[in-house]
Amino acid sequence: MRSLPLRNTKNTIMTLLMGGALLAVLFPLGLIFVHIVKMGLSAISLDFFLHIPRPTGEVGGGMANGMVGSMVLIAMASLMGIPVGIFGAIYLSEYGGSRISTVIRFCADVLSGIPSIITGMVVYSMLVVPMKGFSALAGAFALALIMIPIVLRTTEEQLKMVPTSLREASLALGVPLWRTTLKVTLRSALTGVMTGILLAIARIAGETAPLLFTALGNQFWSSKLTQPIAALPLQIFSFAIAPYDDWHRLAWAGALVLVVTMFALSLTARYFGRSGHKN
């Protein structure tokens, strides 16, 4: 009983320290978000979402081509990266157990830790140089390489959390293993898989460095996947370093749209994560 006051004191001190650590994390985040809202909200208008940037010296315009280009790149990257990540995770979780599985996990962990600018340089030498030009395909491929390890590792962990009894019950009914994996195991982990996919999309949505080496950017509409394409992060970068005040305002507006989009994707991912945890 004599140690009870000491324990309460230690508990109070640790609670204050953890609260201080929480504030140390939230304060810079809140400061950045408030500043982006303050600078970008004044430039948000209907023209921003409907028009492309105007020529140098003209006031107005928007980043419609950049937003559409980002959606095209994300869609193409998802078509490339998500199936590879999911089927790779299925192999590791359901058919793995060998040295090859260990090598695949190690490569996925290394790939997830490689700086995105290095990924852009590699894709530049693999696709841009042989194709003799920047393109949307090269940009999407670079983003897909970033997506694959995130989707693979997240999906693998979710598949491992599915109870073995579900697999055994399906196999006992004579269902083949491949069908059990797709219809029972993968479906049971669907909410967790969706969480990983959304987190991967949120990760690539703001990538700029790999697109500088691959997609390059475009001030106009792009209708061909073999040509340079606009992207919102690229336009924010180029407008932010330009010497024109109107372009600076558009850059802040683009940053606000990008931050809100990533925030919405993160909240959606947490929603799916909580739903999967409850189930």
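What you are looking at is a predicted structure, and each value in this text was computed from that prediction instead of being measured.
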Can you tell me how far [atom2] of [Y] sits from [atom1] of [X], rounded to the nearest 0.5 angstrom?
{"X": "M67", "Y": "F48", "atom1": "CE", "atom2": "CZ", "result": "5.0 Å"}
{"X": "M63", "Y": "L234", "atom1": "CE", "atom2": "CG", "result": "10.5 Å"}
{"X": "K10", "Y": "T12", "atom1": "NZ", "atom2": "OG1", "result": "12.5 Å"}
{"X": "L145", "Y": "I114", "atom1": "CG", "atom2": "CD1", "result": "9.0 Å"}
{"X": "F33", "Y": "K38", "atom1": "CZ", "atom2": "NZ", "result": "15.0 Å"}
{"X": "T155", "Y": "L186", "atom1": "OG1", "atom2": "CG", "result": "8.0 Å"}

For a side chain to side chain contact (heavy atoms under 4.5 Å, CB included) check, start with the C-alpha distance between Q235 and N65, then their side-chain angles and the critical distance, and finish with the verdict. CA-CA 10 Å; Q235 287 187 321; N65 59 333; 3.0 Å; yes
Quick check on [X]: does its [atom1] atom have over 12 non-hydrogen neighbours (other residues, nucleotides or ligands) under 6.0 Å away?
{"X": "F49", "atom1": "CZ", "value": "yes"}
{"X": "M121", "atom1": "CE", "value": "no"}
{"X": "I100", "atom1": "CD1", "value": "no"}
{"X": "K160", "atom1": "NZ", "value": "yes"}
{"X": "Y95", "atom1": "OH", "value": "yes"}

Provide the closest heavy-atom pair for S222 versus P228 in the form atom of the first, atom of the second, distance.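 Shortest heavy-atom separation between S222 and P228 comes out as OG-O, 3.2 Å.
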Can you name the nearest heavy-atom pair linking R54 to V59, along with the distance?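 That closest heavy-atom pairing would be NH1-O, 2.9 Å.
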Y124 and F213 aromatic ring geometry - parallel, tilted or perpendicular at 30°/60° bounds: perpendicular
Over 60° means perpendicular and under 30° means parallel, so classify the ring planes of W247 and Y244, tilted if in between. perpendicular
Can you sort out the partners of R105 under salt bridge (charged side-chain N to carboxylate O under 4.0 Å, His left out), two or more places apart, ordered by chain and number? E156
Pair I117, L212 - check side chain to side chain contact (heavy atoms under 4.5 Å, CB included), show working. CA-CA 9 Å; I117 192 171; L212 290 172; over 6 Å; no
Within-4.5 Å side-chain heavy-atom neighbours: [X] and [Y]:
{"X": "S116", "Y": "I146", "value": "yes"}
{"X": "L143", "Y": "T214", "value": "no"}
{"X": "V37", "Y": "V259", "value": "no"}
{"X": "I229", "Y": "N218", "value": "no"}
{"X": "M76", "Y": "L137", "value": "yes"}

If you group Ile, Leu, Val, Met, Phe, Trp and Tyr by side-chain heavy-atom gaps below 4.5 Å, do V260 and Y271 land in one group?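 No, because V260 and Y271 fall into different hydrophobic clusters, even though each may have its own neighbours under 4.5 Å.
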Kindly work out whether a path of hydrophobic side-chain contacts (I/L/V/M/F/W/Y, heavy atoms less than 4.5 Å apart) joins L73 to I82. yes
Stepwise side chain to side chain contact (heavy atoms under 4.5 Å, CB included) test for T181 and L159: CA-CA 9 Å; T181 301; L159 292 175; 5.9 Å; no
